[in-house]
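As structure tokens, the structure follows; a few thoughts come after it.
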Amino acid sequence: MDGSDQVAVRQAKLDQMREAGYDPFRANWEQTHTSVEATGMLPEDQEEGPEVSVAGRIVAFRLMGKATFLKILDRKGKIQSYVRRDEIGEEEYAAFKKLDLGDFIGIRGPLFRTKTGEITVRAKEYRLVSKALRPLPEKWHGLTDNEQIYRQRYLDLIVNEESRERFQARSRIIREIREFFWGRDFLEVETPMLQSVSGGAAARPFRTHFNALDCDFSLRIALELHLKRLLVGGFDRVFEVGRVFRNEGLSRRHNPEFTMLEAYQAYTDYRGMMELTRSLIQQVAERSLGGLQMERSEGDAIDLSGEWREAKYKDLIIEVVGRDDWFELPKEAKLEKTKSLGIEVDPLLEDFEITNDIFEKIIEHTLIQPTFVTHIPKELCPLAKITEDDLTTIDVFELCINGQEIAPAYSEQNDPAVQRDAFIKQVGEETQELDDDFLLALEHGMPPAGGMGLGIDRLVIFLTKAANIRDTILFPTLRPS
RNA sequence: GGGUCGGUAGCUCAAUCGGUAGAGCAGUGGCCUUUUAAGCCAUUGGUUCCGGGUUCGAGUCCCGGCCGGCCUACCA
């Protein structure tokens with residue numbers, strides 16, 4: 001047998017085992033301790049510990065003749081084991097030597113500390129409980145090919161510790177988000193992903209067809225309109241964490257399906273949402289990552305502690321364009337100015353869209369420290385209330401952290417007539433669809449409420465220092481291979 | 001969608017001007033009973049993404065395609 005085809009070599013080992021009467025795929029093992037629990041059971045001042053039974057995938061195998069060191073990986077991490085021929089027997093050891101990297105085994109034995117101080121299981125018994133027929137990626141560099149990382153995420157998770165930890169962190173983050181809302185007496189709900197009208201955001205939806213009713217459906221692009229129906233229904237504190245789908249491009253910050261949090265609370269407004277959003281992120285960061293200072297690869301750390309900066313949209317714009325009368329300027333002057341600022345703007349855009357280009361292309365990525373951008377022009381959002389003392393803006397904030405917008409919040413519009421007008425205006429010019437059923441609900445009366453949305457993936461990007469949204473999504477959307 | 005860079009052994013990467021495709025890890029055989037990317041000796045392994053073209057000769061140059069990274073566009 002040569003080593004040319006590693007799959008064939010492993011298959012042959014399996015065949016031989018079965019011929020000898022042992023089938024690893026029919027075997028199991030009782031795991032009494034995870035790697036982390038086991039290593040915690042040997043006190044500092046002791047050399048020998050109790051017996052444990054661990055299990056996992058072999059990720060390192062150092063054979064030194066009549067003894068072998070190996071490392072196994074389980075859901076908590078790695079633990080080393082030391083297997084000696086004179087302790088498990090000659091025949092067993094001969095079979096043991098044929099194990100491969102990637103195989104799953106169970107090991108039972110007492111804990112001890114090696115010469116170099118590593119807590120290790122001294123094997124008295126081992127059992128192969130699943131055979132890997134394909135080799136693992138390179139042990140030192142791990143897997144670096146992005147495509148393979150995304151298509152075969154399981155390999156990435158086996159060999160790349162950073163990735164493993166990031167997805168564990170993501171899970172903790174989502175759990176803490178739920179804890180936060182439960183703690184404030186919010187009801188967690190689930191609303192339809194299949195919708196005949198997908199509203200609540202200005203994005204193109206995915207379309208699909210429902211055979212039983214012979215009608216077209218869209219996948220939801222936001223949670224908003226159904227959650228507000230629940231406000232009408234009397235569930236006056238609700239939240240949902242769920243997938244939304246937008247039929248748009250891919251980028252470092254966009255995946256066509258992503259996870260949104262939306263929360264609505266009656267008898268408050270966007271100011272209340274400001275406190276809620278800040279407390280949420282602070283509590284989540286504190287509990288799931290253990291701190292409010294987020295180091296970055298370059299530049300100052302992001303400081304999440306205390307109160308956060310508030311800035312009016314208009315003030316930020318005026319600061320960048322350098323003139324107080326920006327909003328009174330004719331369109332030509334605005335276009336000229338944007339050119340001198342170095343950004344390309346489509347001359348067909350409306351005035352407010354030109355201004356918003358300045359915000360998105362120049363200002364947004366400079367907002368590294370958490371900043372609530374408030375008093376946003378009313379044209380940009382049809383679902384919020386007009387600010388009382390400034391009829392050109394709405395009661396809303398856009399929270400920017402790490403140069404990205406990650407959470408908008410509104411004083412939700414509950415006047416059905418005003419809402420209908422705003423919708424009709426948008427339906428005329430954009431991809432938004434008119435949701436009559438939602439407007440009907442509003443006519444039954446919706447309590448005053450604040451609402452917020454938060455892109456979970458983008459929160460995870462910055463809390464876990466990911467470079468790309470795809471590094472925060474286990475199986476990101478790819479072209480079929 | 002556009003621009004740009006890339007695709008070589010299971011994995012990580014080399015290959016000068018167009019001149020016999022290599023290394024490390026992994027694998028295989030051997031030595032080795034406290035290793036830490038274990039070490040030492042030997043050794044197997046290639047549709048160089050796919051299809052055309054130029055050439056005496058193509059991983060390398062040209063054309064087309066597939067897949068991906070980055071930038072950009074789209075994007076509440």
Side-chain angles (χ1 to χ4, degrees), chain A residues 1-10 12-13 59-71 78 80-88 93 98 100-102 112-118 120 122 132-152 155-156 158-160 199-204 221-222 224 244 246-256 258 260 343-344 346 353 356-357 359-361 364 373 376-377 379-384 394 396 398 405-410 426 430-432 453 455 467-468 470 476 478-481:
Chain A
M1 176 164 58
D2 67 21
S4 61
D5 185 344
Q6 301 194 40
V7 176
V9 168
R10 286 165 182 247
K13 287 177 178 176
V59 291
F61 198 83
R62 290 188 278 272
L63 193 152
M64 296 176 304
K66 300 178 189 64
T68 298
F69 283 96
L70 69 151
K71 282 202 171 146
K78 295 175 191 169
Q80 180 167 264
S81 178
Y82 180 51
V83 180
R84 294 166 57 112
R85 190 177 73 171
D86 59 9
E87 288 196 58
I88 67 167
Y93 192 74
K98 293 215 167 80
D100 288 301
L101 287 172
F112 77 107
R113 206 180 299 272
T114 64
K115 215 158 65 171
T116 53
E118 181 160 352
T120 301
R122 186 188 300 265
L133 292 173
R134 290 180 185 273
L136 290 177
E138 214 256 2
K139 65 181 176 188
W140 185 241
H141 300 91
L143 196 58
T144 63
D145 176 54
N146 284 291
E147 186 174 358
Q148 210 174 347
I149 284 174
Y150 301 140
R151 290 196 197 278
Q152 294 182 277
L155 292 179
D156 174 51
I158 294 165
V159 299
N160 293 336
R204 284 200 300 274
I221 56 173
E224 179 150 1
V244 299
R246 297 187 180 179
N247 204 341
E248 286 153 6
L250 298 154
S251 83
R252 213 152 48 100
R253 295 184 178 77
H254 299 84
N255 195 65
F258 61 100
M260 281 275 287
I343 55 173
E344 296 254 341
D346 184 343
E353 292 174 306
N356 201 44
D357 262 12
F359 181 79
E360 287 183 356
K361 291 179 181 169
E364 188 180 315
V373 180
I376 292 174
E379 295 86 351
L380 291 170
C381 177
L383 290 156
I394 43 174
V396 57
E398 186 72 65
E405 45 173 276
I406 71 165
Y410 314 144
Q426 263 223 340
E430 297 204 34
T431 50
Q432 184 103 8
N468 194 309
R470 290 180 161 188
L478 297 176
R479 191 181 294 279
S481 51

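Values below: all heavy atoms of this structure, side chains included; hydrogens, waters and symmetry mates excluded. Protein chains get the first letters and strands the later ones, always in sequence-line order, with residue 1 at the start of each.
Between Arg252(A) and rC71(B) there is a side-chain polar atom (N or O) within less than 4.0 angstrom of OP1 or OP2. Contact check, Lys13(A) against rU28(B): a side-chain N or O comes under 4.0 Å of OP1 or OP2. Put simply, Arg479(A) has a side-chain N or O that comes within less than 4.0 Å of OP1 or OP2 on rC67(B). Checking the phosphate oxygens (OP1, OP2) of rA26(B), no side-chain nitrogen or oxygen of Arg134(A) falls inside 4.0 Å.
Rounded to a whole angstrom, the distance from the C1' atom of rC49(B) to that of rC31(B) is 42 Å.
Arg252(A) and Ala467(A) make their closest contact through CG-O, 3.4 Å (heavy atoms, listed as atom of the first residue, atom of the second, distance). Closest approach of Val159(A) to Pro137(A), counting heavy atoms only: CG1-CD, 3.9 Å.
Residue Arg151(A) is classed as a sugar-phosphate contact, given heavy-atom separations below 4.0 Å to backbone atoms only. When heavy atoms are screened at a 4.0 angstrom cut-off, Ile158(A) is found touching no nucleic acid atom at all. Nucleic acid contact for Tyr93(A): none, since no nucleic acid atom lies under 4.0 Å from a heavy atom of the residue. Residue contacts shown for Leu101(A) are limited to sugar-phosphate atoms, with no base heavy atom under 4.0 Å away. Counting non-hydrogen atoms under 4.0 angstrom, Glu405(A) reaches the backbone sugars and phosphates but no base. Residue-level contact check: Asn247(A) touches neither bases nor backbone, having no heavy atom under 4.0 Å from any strand.
Checking rC74(B), rC32(B), rU34(B) against every side-chain atom of Lys66(A), the shortest atom distance belongs to rC32(B). With rA76(B), rU35(B), rU33(B) as the candidates, the nucleotide lying closest to the side chain of Pro382(A) is rA76(B). Considering only side-chain atoms of Asn468(A), the nucleotide from rA38(B), rC70(B), rU33(B) that sits closest is rC70(B). With distances taken from any side-chain atom of Met64(A) to the nucleotides rU34(B), rG27(B), rA26(B), the minimum falls on rU34(B). Taking only side-chain atoms of Trp140(A), from C-beta outward, the nucleotide of rA37(B), rU34(B), rC75(B) with the closest atom is rA37(B).
Within the shown strands, nothing qualifies as a pairing partner of rU33(B) under the Watson-Crick or G-U definition with both distances less than 3.5 Å. Across all strands shown, nothing is found opposite rU47(B) as a Watson-Crick or G-U wobble partner with both distances under 3.5 Å. Pair assignment for rA21(B): none, as no Watson-Crick or G-U wobble contacts are both less than 3.5 Å. Both distances falling under 3.5 Å, in either a Watson-Crick or a G-U wobble arrangement, occur for no nucleotide opposite rG57(B). In this entry rA38(B) has no Watson-Crick or G-U wobble partner, no candidate having both defining distances under 3.5 Å.
Pro256(A) places a side-chain heavy atom less than 4.5 Å from the side chain of Leu250(A). Side-chain contact between Val244(A) and Ile221(A) is absent, with no heavy-atom pair separated by less than 4.5 Å.
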Review item, nucleotides 11-15 of chain B N/O atoms under 3.5 Å of protein N/O:
unit_1  : atom_1 : unit_2    : atom_2 : d
rC11(B) : O2'    : Glu138(A) : N      : 2.8
rC11(B) : O2'    : Gly142(A) : O      : 3.3
rU12(B) : OP1    : Thr144(A) : N      : 3.1
rU12(B) : OP1    : Thr144(A) : OG1    : 3.3
rU12(B) : OP1    : Asp145(A) : N      : 3.2
rU12(B) : O3'    : Thr144(A) : OG1    : 3.3

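By the side-chain hydrogen bond (donor to acceptor under 3.5 Å, both in side chains) test, Asn160(A) is found to be paired with Asp156(A), residues two or more places apart in sequence or in another chain being considered.
The base of rU34(B) lies outside donor-acceptor range of the side chain of Glu118(A), with no N or O pair under 3.5 Å. No N or O donor and acceptor, one from the side chain of Arg85(A) and one from the base of rU33(B), sit under 3.5 Å apart.
Lys13(A) places a side-chain N or O within donor-acceptor distance of the main-chain N or O of Lys98(A), the cut-off being under 3.5 Å. Judged purely by atom type and a 3.5 angstrom limit, Gln152(A) has no side-chain atom pairing as donor or acceptor with the backbone of Leu155(A). Remark: side-chain polar atoms of Arg204(A) are not paired, donor with acceptor, to backbone N or O of Glu248(A) under 3.5 angstrom.
With rounding to whole Å, Ile88(A) atom CD1 is found 12 Å from rU33(B) atom C1'. Atom CD of Gln152(A) is separated from atom C1' of rC67(B) by 14 Å (rounded to the nearest Å). The CG atom of Asp357(A) sits 13 Å away from the C1' atom of rA76(B) (whole-angstrom rounding). What separates NZ of Lys115(A) from C1' of rA38(B) is a distance of 12 Å, to the nearest Å. His254(A) places its NE2 atom 17 Å from the P atom of rG1(B), with the value rounded to the nearest Å. Rounded to whole angstrom, the span from the NZ atom of Lys98(A) across to the P atom of rA26(B) amounts to 19 Å.
Note: Tyr82(A) and Phe69(A) have parallel aromatic rings, judged against thresholds of 30 and 60 degrees for the angle between ring planes.
Taking the syn range as angles within 90° of 0, the glycosidic angle of rC17(B) is syn.
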